[in-house]
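Structure record follows, encoded as C-alpha cells.
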Amino acid sequence: MEGEKFLSIYKRLLKFFGFQNWWPVHTENHLVEISFGAILTQNTSWKNVEKALKNLIDNDLMDFEKVSFTDKKRLQEIIRPAGFYKRKSETLIQFSKKVKNIEKNSITRDFLLSIKGIGKETADSILLYALDKPYFVIDAYTKRIFSRLGLIDKNMDYDQIQRIFHKNLPDDIQIFKEYHALIVKLGKNFCKKKPECRNCPLFANCRFRIYNV
DNA sequence: AGCCAGGCCAAGC
DNA sequence: GCTTGGCATGGC
C-alpha cells in the first residue's frame with residue numbers, strides 16, 4: 001500500500017533528523033514573517049533570506065501596514081540580499097496592501113494566487129505554516145527526492161503531486177509541517193542535485209542509490 | 001570560478 | 001496548452 005510508504009518514510013526521516021519544528025521565526029508576528037519569508041525564499045537560499053529578514057526587522061518593517069506604504073526603492077535595498085529584489089519588493093508591497101485589512105480566515109488559496117509573485121508553493125507555505133491549513137507544500141526538493149524514490153513521476157505538475165501526498169497521508173497539519181521540513185533537511189544534506197547517498201536515511205527505499213556508493 | 005538555492009511570470013512556439 | 005528565458009544575490 002502506497003500510503004504506508006509515505007508514512008514510513010516520514011517516520012524514518014523523523015527518527016533520523018529529529019523534529020525540525022518549522023517554520024523558523026524571530027518575531028511574534030508569525031503571519032507577517034512567514035509570508036515574507038515564503039516570498040523571499042523563492043528560488044533563493046535560506047541564508048540569503050535570513051539577511052533580508054534581519055534587515056526588515058532592523059528597519060521596523062515586519063508589518064503589513066508599514067510595508068504597504070514603504071517606498072519601493074527603499075524596500076528593494078532592504079531585501080536586496082535575497083535576490084530578485086525588484087520583483088519581490090513589488091510582491092511584498094502588493095501582498096501587504098491586500099492582506100492588511102482583511103480577516104485571517106478570508107485568506108484562501110485563490111486569494112493568495114491572485115497576487116502577482118505568489119504561486120502555488122508560496123501560497124501553500126503561507127496556508128500551512130502561518131494559517132494551519134492542510135496544504136502539503138511541494139517544492140524542488142520534494143519533486144527531486146520522491147521521483148528518485150520512484151513514488152512520483154518526473155513530469156507530474158504541482159497539483160498532481162500534491163494530490164498524491166494528500167491521498168497517502170493522514171489529514172494532519174502537524175505531519176504536513178514536519179514532513180516538508182524533513183524533506184528540505186534531507187534535500188540539503190543528502191539528496192542534493194548531485195546526491196550523496198552514503199549514509200542517507202532513505203538508502204534502503206531508493207532506486208537511485210547507484211550514486212556515490 | 002562556476003553552480004546552486006525552500007519559484008514565478010510572460011513570451012514564444 | 002507546454003516550454004523557455006529572465007530575474008539577482010551570496011555561499012560553497
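First the proteins, then the strands, lettered A, B, ... as listed; each starts at 1.
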Take A:I115 and A:K98, measure what side chain to side chain contact (heavy atoms under 4.5 Å, CB included) needs, and give me the verdict at the end.
CA-CA 8 Å; A:I115 297 162; A:K98 286 199 176 186; 3.7 Å; yes
Atom-pair distance (CD1 on A:I39; C1' on C:dA8), nearest Å
17 Å
Could you walk me through whether A:R12 and A:N205 pass the side chain to side chain contact (heavy atoms under 4.5 Å, CB included) check?
CA-CA 10 Å; A:R12 194 181 296 261; A:N205 308 67; 3.6 Å; yes
Roughly, in whole Å, what's the span from CD1 in A:I161 to C1' in B:dG7?
14 Å
How long is the line joining CD1 of A:I115 and P of B:dC9, in whole Å?
10 Å
Testing the basics here: between A:I145 and A:I183, what is the closest heavy-atom pair and its distance to 0.1 Å?
CD1-O, 3.4 Å
Gap in Å between the two P atoms, one belonging to C:dG5 and one to B:dC3, rounded
16 Å
Nearest-angstrom distance, P atom, C:dA8 to B:dA11:
16 Å
Do A:Q42 and A:T122 meet the criterion of a side-chain donor-acceptor pair at a distance under 3.5 Å?
yes
Beyond-backbone contact of A:E196 with A:K192, side-chain heavy atoms, under 4.5 angstrom:
yes
Is there a side chain to side chain contact (heavy atoms under 4.5 Å, CB included) between A:V184 and A:D139 once you walk through the steps?
CA-CA 9 Å; A:V184 172; A:D139 65 349; 3.7 Å; yes
From CD of A:Q94 over to C1' of B:dC9, roughly how many Å is that when rounded to an integer?
15 Å
Can you tell me how far C1' of B:dA5 sits from NZ of A:K192, to the nearest Å?
12 Å
On DNA chain B, more 5' by nearest nucleotide between A:S125 and A:G117 is A:S125
Just checking, is any N or O donor in the side chain of A:Q162 or A:D124 under 3.5 Å from an acceptor N or O on the other one?
yes
CD of A:Q76 versus P of C:dC7: gap in Å, rounded?
14 Å
Looking just at side-chain N and O atoms, do A:E50 and A:H26 make a donor-acceptor pair shorter than 3.5 Å?
yes
Phosphate oxygens OP1/OP2 of C:dG6: is one of them under 4.0 Å from a side-chain N or O of A:K86?
no
Position toward the 5' end of DNA chain B (nearest nucleotide), A:R144 or A:A123
A:R144
Under 4.0 Å, counting only non-hydrogen atoms across every strand here, what does A:K88 touch: a base, just sugar-phosphate, or nothing?
nothing
Is a donor-acceptor contact shorter than 3.5 angstrom present between the side chain of A:R87 and the base of B:dC9?
no
Would you kindly give the CG-to-C1' distance between A:L112 and B:dG7, to the nearest whole Å?
15 Å
Under a plain distance cut-off of 3.5 Å, with no hydrogens placed, do A:S147 and A:K154 share a side-chain donor-acceptor pair?
no
Taking atom NZ as the centre, does A:K86 end up with more than 12 heavy-atom neighbours from other residues, nucleotides or ligands that are less than 6.0 angstrom away?
no
Under-3.5 Å N/O pairs linking protein and nucleotides 9-12 of chain C:
{"unit_1": "C:dT9", "atom_1": "OP1", "unit_2": "A:R80", "atom_2": "NH1", "d": "2.9"}
{"unit_1": "C:dT9", "atom_1": "O2", "unit_2": "A:N48", "atom_2": "ND2", "d": "2.9"}
{"unit_1": "C:dG10", "atom_1": "O4'", "unit_2": "A:N48", "atom_2": "OD1", "d": "3.1"}
{"unit_1": "C:dG10", "atom_1": "O4'", "unit_2": "A:N48", "atom_2": "ND2", "d": "3.1"}
{"unit_1": "C:dG11", "atom_1": "OP1", "unit_2": "A:K51", "atom_2": "NZ", "d": "3.2"}
{"unit_1": "C:dC12", "atom_1": "OP1", "unit_2": "A:K47", "atom_2": "NZ", "d": "2.7"}

Parsed dot-bracket for DNA chain C after applying the Watson-Crick and G-U rules with both distances under 3.5 Å and | for other-strand partners is |||||||.||||
Distance in angstrom units between A:E121 CD and B:dA5 P, rounded
13 Å
